[in-house]
Amino acid sequence: MKNFEIAFRSLFKRGRSNVIKILALTIGLTMGLILIAKVCYESSFESFYPDYERIYLVHETLIRDGELMSYGQISGGVIPKMEAEIPEIEKATRITYAGHLGSVFKTSDQKSYSANGYLADTTFFDVLPRNILIGNPKEILANPEDVMISEKLALTLGGIDQALGQDIIFDAYPDRKFHIAGVFEDVPENTVLKYDILFSIYMQAEWSLSNWLGNDCYQGLVKLNPQTDYKMLDPALREVQTRHADMQLMADAGVDLRYTLEPFIGQHSQNEEVRSMNRLLLILAVILIFATVMNYILIVISTLINRTKEVAVYKCYGASTRNLLGLTFTESLIHIVLALIFGLFIILLFRSRIESLLDASLGALFTLQTMSVLAWICVLVFLITAFIPAYLYLHVPVAAAFRNYKESRRYWKLALLFVQFVAT
């Protein structure tokens, strides 16, 4: 407690440059931690699903005229047969984007709303679970006249109880009414499948839901049994295809079409553009935090001469190595905490700008998992900014209390400045 009292008093002493120290830590840590939070966000897509490691997307691999192409969409009849004939598949579902329905709809009071939607199979929530607040998804998604909406959209419509049972009309289909029959928990931001409304996939024509060639507008998702190696299922996928697809027609057209499974969690994070962006942001974050730590240490070194007599007096009065370490670590802790508080204020002040630039809300950026990563980074910064000043103070001779003490740190500072400029 005594260390905190001394450290707080020293915040306002002249010659300590504490304002500059805290300001440097605030700007550097805030920007660096925000960038790291963005990297964590981009790397966490689909990880909120239970058993996400068992969910896979069915890909088409097509070879035509010697050119290899891969697509994440398939024909409508593929998924039901795979689920029925491959024992290793626990559950399977298919979806397609409901863009043809339009995104703007009206309620009975003629108010307009917008929603992003998909046509979904009855097994949709078996593969991609969400908490169902009201309604039976298997019954609702089997009826082309019924829809399910998100909790957020339901609140926009006046609440879950008020939204349930309403009829809505989409601008693209003015003569057709859809009945709100269920509500599901909102989908987090870190997903490639963002939707507020789910229609029944049985709005599609029967031929579209059963064909194997062409009309590749569906995404097929499968959930495998535990301990199943998805790479070992390629022969099974080929056998199902051989039994149901017109292989001769494809051979006559000079096309070799095969199906493979790809981890659903990797559809976003393993994208080359996303990976490149994450690498760049991580490098920038490391440079920012590194430069911040260097600034802090340089300021400590520049004020070292002013503190030598004070430290020497502490030693004369019996301050042990442990006492000096405690004092220095306490000062650094206070600086870090104040910097984080001011950084939080900056984040809240520029919240809309940050969310716009990073294309994610603060709630999505700073999850509990991300906060634990950022906390370890702050601990590392704290240890570095505390240990180096402590090391310098411990080497101050006691004689400095009785005579002028001068020690040149010119070359050390030049070396640190050189490293910092290179990093910048």
Side-chain angles (χ1 to χ4, degrees), residues 4 7-14 16-45 48 114 151-152 155-156 186-191 194 196 268 274 277-300 303 330-386 420 423-424:
F4 279 99
F8 272 115
R9 286 206 309 263
S10 70
L11 283 176
F12 309 101
K13 288 186 178 180
R14 297 181 60 182
R16 299 292 178 86
S17 301
N18 286 325
V19 173
I20 300 176
K21 289 181 188 175
I22 296 171
L23 182 61
L25 285 173
T26 298
I27 297 174
L29 280 179
T30 301
M31 295 180 67
L33 295 180
I34 287 176
L35 293 180
I36 292 174
K38 172 66 171 176
V39 172
C40 292
Y41 167 76
E42 295 292 340
S43 303
S44 68
F45 269 51
F48 58 86
S114 62
E151 182 181 9
K152 179 181 178 181
L155 294 175
T156 303
D186 294 336
V187 181
E189 294 178 45
N190 54 334
T191 179
K194 295 180 172 64
D196 292 304
H268 180 80
V274 174
M277 179 187 68
N278 283 346
R279 285 193 294 265
L280 177 60
L281 292 180
L282 194 58
I283 291 171
L284 289 174
V286 170
I287 290 175
L288 279 169
I289 295 175
F290 178 76
T292 298
V293 173
M294 289 296 99
N295 279 332
Y296 188 92
I297 294 172
L298 284 170
I299 296 171
V300 169
T303 59
T330 303
E331 287 182 359
S332 181
L333 177 62
I334 291 175
H335 294 164
I336 292 287
V337 170
L338 289 175
L340 292 175
I341 292 173
F342 294 143
L344 177 61
F345 176 75
I346 292 174
I347 290 173
L348 295 177
L349 184 63
F350 296 99
R351 176 173 186 166
S352 59
R353 184 63 174 170
I354 292 171
E355 292 179 338
S356 175
L357 286 172
L358 300 185
D359 193 26
S361 68
L362 292 185
L365 287 172
F366 296 99
T367 61
L368 288 177
Q369 185 176 4
T370 299
M371 292 293 286
S372 64
V373 174
L374 302 184
W376 279 111
I377 294 172
C378 291
V379 169
L380 179 61
V381 171
F382 161 68
L383 291 176
I384 296 174
T385 56
Q420 183 178 346
T424 304

Query raised in the report: With a cut-off of 6.0 Å (strictly less than), are more than 12 heavy atoms of other residues, nucleotides or ligands near CE of M277?
Result: yes
Query raised in the report: Within the side chain of K38, is there an N or O that forms a donor-acceptor pair under 3.5 Å with the backbone of L281?
Result: no
Query raised in the report: Can you tell me how far CG of L284 sits from CG of L35, rounded to the nearest 0.5 angstrom?
Result: 6.5 Å
Query raised in the report: Ignoring hydrogens and geometry, is there a side-chain-to-backbone donor-acceptor pair from D186 to E151 under 3.5 Å?
Result: yes
Query raised in the report: Are the side chains of L340 and L33 in touch, meaning some heavy atoms are under 4.5 Å apart?
Result: yes
Query raised in the report: Could you walk me through whether L362 and E355 pass the side-chain contact (heavy atoms from CB on, under 4.5 Å) check?
Result: CA-CA 7 Å; L362 292 185; E355 292 179 338; 3.7 Å; yes
Query raised in the report: Rounded to the nearest 0.5 Å, how far apart are CG of L338 and CG of L333?
Result: 9.5 Å
Query raised in the report: Do I27 and T292 have side-chain heavy atoms sitting under 4.5 Å apart?
Result: no
Report task. Flag yes if more than 12 heavy atoms outside L280 fall under 6.0 Å of its CG atom; otherwise flag no. Result -> yes
Query raised in the report: With side chains defined as the heavy atoms from C-beta onward, is the minimum distance between L380 and I289 less than 4.5 Å?
Result: no
Report summary line: Correct closest heavy-atom pair for G343 and T30 would be CA-OG1, 3.1 Å
Query raised in the report: Please walk me through it: do I336 and L29 pass side-chain contact (heavy atoms from CB on, under 4.5 Å)?
Result: CA-CA 9 Å; I336 292 287; L29 280 179; 4.2 Å; yes
Query raised in the report: Tell me, do I334 and T330 make a side-chain contact under 4.5 Å, heavy atoms counted?
Result: yes
Query raised in the report: Which pair of heavy atoms, one from M31 and one from L288, lies closest together, and at what distance?
Result: CB-CD1, 3.8 Å
Query - Flag side-chain contact, heavy atom, 4.5 Å: L25 against H335 - result: yes
Query raised in the report: If you draw a 6.0 Å radius around NZ in K152, do more than 12 non-hydrogen atoms from other residues or ligands fall strictly inside?
Result: no
Query raised in the report: Are the side chains of F366 and I347 in touch, meaning some heavy atoms are under 4.5 Å apart?
Result: yes
Query raised in the report: Are the side chain of N295 and the backbone N or O of A24 linked by a donor-acceptor pair below 3.5 Å?
Result: no
Report task. Check G363 against T367 and note the closest heavy-atom contact, atom names and distance. Result -> O-CG2, 3.7 Å
Requested in this report: Begin with the C-alpha distance, continue with both residues' side-chain angles, and end with the deciding distance and a verdict on side-chain contact (heavy atoms from CB on, under 4.5 Å) for I283 and I287.
Outcome: CA-CA 6 Å; I283 291 171; I287 290 175; 3.9 Å; yes
Query raised in the report: Between the main-chain N or O of F382 and the side-chain N or O of T385, is there a donor-acceptor pair closer than 3.5 Å?
Result: yes
Requested in this report: Could you tell me which non-hydrogen atom of E189 sits nearest to which non-hydrogen atom of Y41, and how far apart they are?
Outcome: O-OH, 3.4 Å
Requested in this report: Kindly say whether I22 contributes a backbone atom to a donor-acceptor pair with the side chain of T26 at under 3.5 angstrom?
Outcome: yes
Query raised in the report: Can you check whether T191 reaches F48 side chain to side chain, under 4.5 Å on heavy atoms?
Result: yes
Query raised in the report: If we ignore angles and hydrogens, is there a donor and acceptor under 3.5 Å between the side chains of S44 and Q369?
Result: no
Query raised in the report: If every non-hydrogen atom of G32 is compared with every non-hydrogen atom of A285, which pair is closest and at what distance?
Result: O-CB, 3.6 Å
Query raised in the report: Once you round to the nearest 0.5 Å, how far does CG of L383 lie from SG of C378?
Result: 11.0 Å
Query raised in the report: Given side chains that start at C-beta, do those of T370 and L365 come closer than 4.5 Å, heavy atoms only?
Result: no
